Participant: 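Dumping the structure here so I can ask a few things about it.
Lettering follows sequence order; numbering is per chain, from 1. These figures come from a predicted structure and were not determined experimentally.
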Amino acid sequence: MERELITVVNPTAARAAKQTELASRKYRSLRHKRIGLLDNNKPNADKFLAYVGEFLKERYDGVELIAKRKMSRTKADCLQEIHDRCDLVINAFGD
Amino acid sequence: MLAKTESATRGMSHLPLIRLPHPVGSIGLDALRLLAASSIDAIVGALTAAPVHSNDAPKVTNGSAVESGSELAVPADPALMFQYFVNRGWTDGLPVLPPTPAALDAMIAGSGMEKDQTLGVIPPVNGIASVEKIAANAVMAGCLPDYFPLVVAAVKGVLQSGFNLDGVQTTTGNIAPLVIINGPCRNALQINYSSNVLGQGWRANSTIGRALRLVLTNIGGAIPGLYDKATLGQPAKYTFCIAENEEENPWEPLHVERGFAVETDTVSVLGCTGVNSAVDMASQTARGLLKTFALTMMGGLTSGVTSTETLLIICPEHAAILNGAGYSKAAIREELFVAARVPHEKISDENLELLSKRRPFWFQSNSAPVIGVVDRPEDIWIIVAGGKGAKSAYIPGRTGTHLQTTVVGDRVPSGAEVNCLCSPG
């Protein structure tokens, strides 16, 4: 019996291939840029992003920070606001 | 790793990611500031670097996705076959039945579905949930073909956006999907809703819940430690499937409350943490029982991570007392919503700060210094289940996951023996 084989169907599946064109990051400097800080509501995420924002403002003139908060998923209206108001976004992920 | 996989499965394999060393959430402000200072160059670099335009399909491998579409020749010897599957990460650690083409055909035959039909994609790796692959996992789990429409309904449920499967699959929390079955199929398929309903011993409950787990692992790629990041996990991640004791439920059963006819078979799913016993053999009044339930629920509010929805499983004896005192489900909810509130002084300052952001409702200027276990009475789901005895249970849900109810597709009885009572008689 040890050498006998049977045919089974692999229980894992092919993965859906998705292609998304990343938004163009066209800025070589962050001067006068509107930078979104998207807090994922995990402990310290907002504070970490606030420090990052503070350092960016120190480094570059005219940086505008737009802080937003989300839970597990970013809601459509929040995404739209980020899209409309921000040149670049820093998104907290995980933890 | 998870962030990389998530971005790749969304077709953004070149999304710039800056990895911070764990932990971040529990370090002090000075350390956090230092971390930000040491990351700032990388963040600026990511924001200003020219993007890499990727036209490539996601290239994600986890060692188990090879040959995904193929039939395989595996050892016929059960122990060797089991080891073959274990080696590829295709089991929950327990023996599985061989998903042979004949067994798959039998599994699908009575469901009226085609094997290449797909229900959607399962995160985190976006595995395509075809009827064939779901059936393979149902066979492995030990399901009878008659159970298959219920497994399919459970998969449909977790794929609803309100269930937040991405979160359930990858969280560090100890979340398991609970399957709740309503309707006439409970008796037709011998699905346990009475004694030991949350326990072992019933083929339908054990294998339907297990099939969902195997689907989530094998199709969704939620491999423990790799993409399933649960810190502890819980035993319910093997299988977590119950039916409602509609026969001893003095109120409307869950599926009726959800808008379905009592004779409709449904499967509801909720992302849950562990089972908290609400033992009360002493109270003979509704007021007494509700105090016990509220106390049990308050034990679930122990940190800044709190529930969106919760489930109360009321045993028939407790249900009879509450109903006898004139309580409807709505009245129970209202009373528990008011009673299950934790004073601020019982909660750490750090968690209070976190809760003030996550649940600002409880921190308005004129609010009492308490936090409710739930934000609304309707976030307390109530079902009746279990056998004799005075033991109910409270199960907190996961933040951001909402109960989903789907209708079970038509079943053509296979004629298989479904009498699987494990107790004598």
Side-chain angles (χ1 to χ4, degrees), chain A residues 1-31 33 35-37 39-56 58-60 69-73 87-95, chain B residues 2-3 9-12 14-15 24-25 29 32-33 35-37 40 43-44 47-51 55 57-58 60 64-65 67-77 80 90 98-101 104 121 125-130 132-133 136-137 140 164 167 214 218-219 304 354 357-358 400:
Chain A
M1 189 165 183
E2 273 191 23
R3 291 182 189 166
E4 266 182 58
L5 295 174
I6 56 169
T7 299
V8 297
V9 173
N10 185 324
T12 67
R15 292 161 185 192
K18 197 174 173 187
Q19 292 182 12
T20 307
E21 187 74 11
L22 286 178
S24 171
R25 270 165 289 132
K26 55 197 172 193
Y27 308 114
R28 300 286 80 84
S29 165
L30 301 182
R31 290 183 68 222
K33 295 297 173 289
I35 300 175
L37 303 173
D39 162 17
N40 65 345
N41 227 328
K42 294 288 182 175
N44 273 345
D46 56 340
K47 297 191 188 87
F48 179 83
L49 289 173
Y51 284 133
V52 168
E54 190 183 299
F55 293 138
L56 291 177
E58 276 173 19
R59 250 187 221 201
Y60 300 99
R69 177 176 294 144
K70 63 167 184 171
M71 281 304 283
S72 295
R73 278 191 184 164
D87 299 308
L88 296 154
V89 183
I90 305 169
N91 181 9
F93 182 95
D95 195 39
Chain B
L2 181 59
T9 53
R10 286 163 172 75
M12 298 183 285
H14 294 285
L15 185 73
V24 173
L29 287 184
L32 196 68
R33 195 167 196 280
L35 189 60
I40 196 72
I43 292 171
V44 169
L47 291 172
T48 54
N55 292 316
V60 190
S64 72
E67 312 151 338
S68 65
S70 59
E71 293 184 352
L72 307 166
V74 302
D77 178 87
L80 294 176
W90 293 349
T100 62
L104 261 68
V121 296
V125 303
N126 283 355
I128 299 169
S130 67
E132 179 189 34
K133 296 296 185 177
N137 286 283
M140 287 166 61
N164 189 14
L214 292 177
N218 288 332
I219 302 179
L354 185 62
K357 284 183 243 162
R358 292 184 166 188

Participant: Is the backbone N or O of A/Thr12 less than 3.5 Å from a side-chain atom of B/Asn218, with the two atoms forming a donor-acceptor pair by type?
Facilitator: no
Participant: Rounded to the nearest 0.5 Å, how far apart are CD of B/Glu71 and CD1 of A/Ile6?
Facilitator: 11.5 Å
Participant: Who wins among A/Ile35, A/Asn91, A/Val52, A/Val89 for the most heavy-atom pairs under 4.5 Å with chain B?
Facilitator: A/Val52
Participant: Show the nearest heavy-atom pair for residues A/Val8 and B/Pro98, with the distance to one decimal.
Facilitator: CG1-CB, 4.0 Å
Participant: Counting heavy-atom pairs under 4.5 Å to chain A, which of B/Leu47, B/Asn137, B/Thr100, B/Val121 comes out on top?
Facilitator: B/Leu47
Participant: Please classify the contact of B/Ala37 with chain A as side chain, backbone, both or neither, using a heavy-atom distance under 4.5 Å.
Facilitator: both
Participant: Ignoring hydrogens, what is the shortest heavy-atom contact between B/Lys357 and A/Asp46? Give both atom names and the distance.
Facilitator: NZ-OD2, 2.6 Å
Participant: Working to the nearest 0.5 Å, report the span between CG of B/Leu32 and CG of A/Asn44.
Facilitator: 4.5 Å
Participant: Determine yes or no for a side-chain-to-main-chain donor-acceptor pair under 3.5 angstrom, with B/Asn126 supplying the side chain and A/Ala16 the backbone.
Facilitator: no
Participant: When rounded to the nearest 0.5 angstrom, what is the spacing between CG in B/Leu35 and OH in A/Tyr51?
Facilitator: 11.0 Å
Participant: Counting only non-hydrogen atoms closer than 4.5 Å, does B/Leu214 touch chain A with its backbone (N, CA, C, O), its side chain (CB onward), both, or neither?
Facilitator: neither
Participant: Which bit of A/Tyr27 is near chain B, if near means a heavy-atom gap under 4.5 Å: side chain, backbone, both or neither?
Facilitator: backbone
Participant: Considering only heavy atoms and a distance below 4.5 Å, find which of B/Ile40, B/Ile219, B/Leu104 pairs most often with chain A.
Facilitator: B/Ile40
Participant: To the nearest 0.5 Å, tell me how far A/Lys42 NZ sits from B/Arg358 CZ.
Facilitator: 6.0 Å
Participant: Are the side chains of B/Ile43 and A/Phe55 in touch, meaning some heavy atoms are under 4.5 Å apart?
Facilitator: no
Participant: Give the minimum heavy-atom separation between B/Ala136 and A/Pro11, together with the two atoms involved.
Facilitator: CB-CA, 4.2 Å
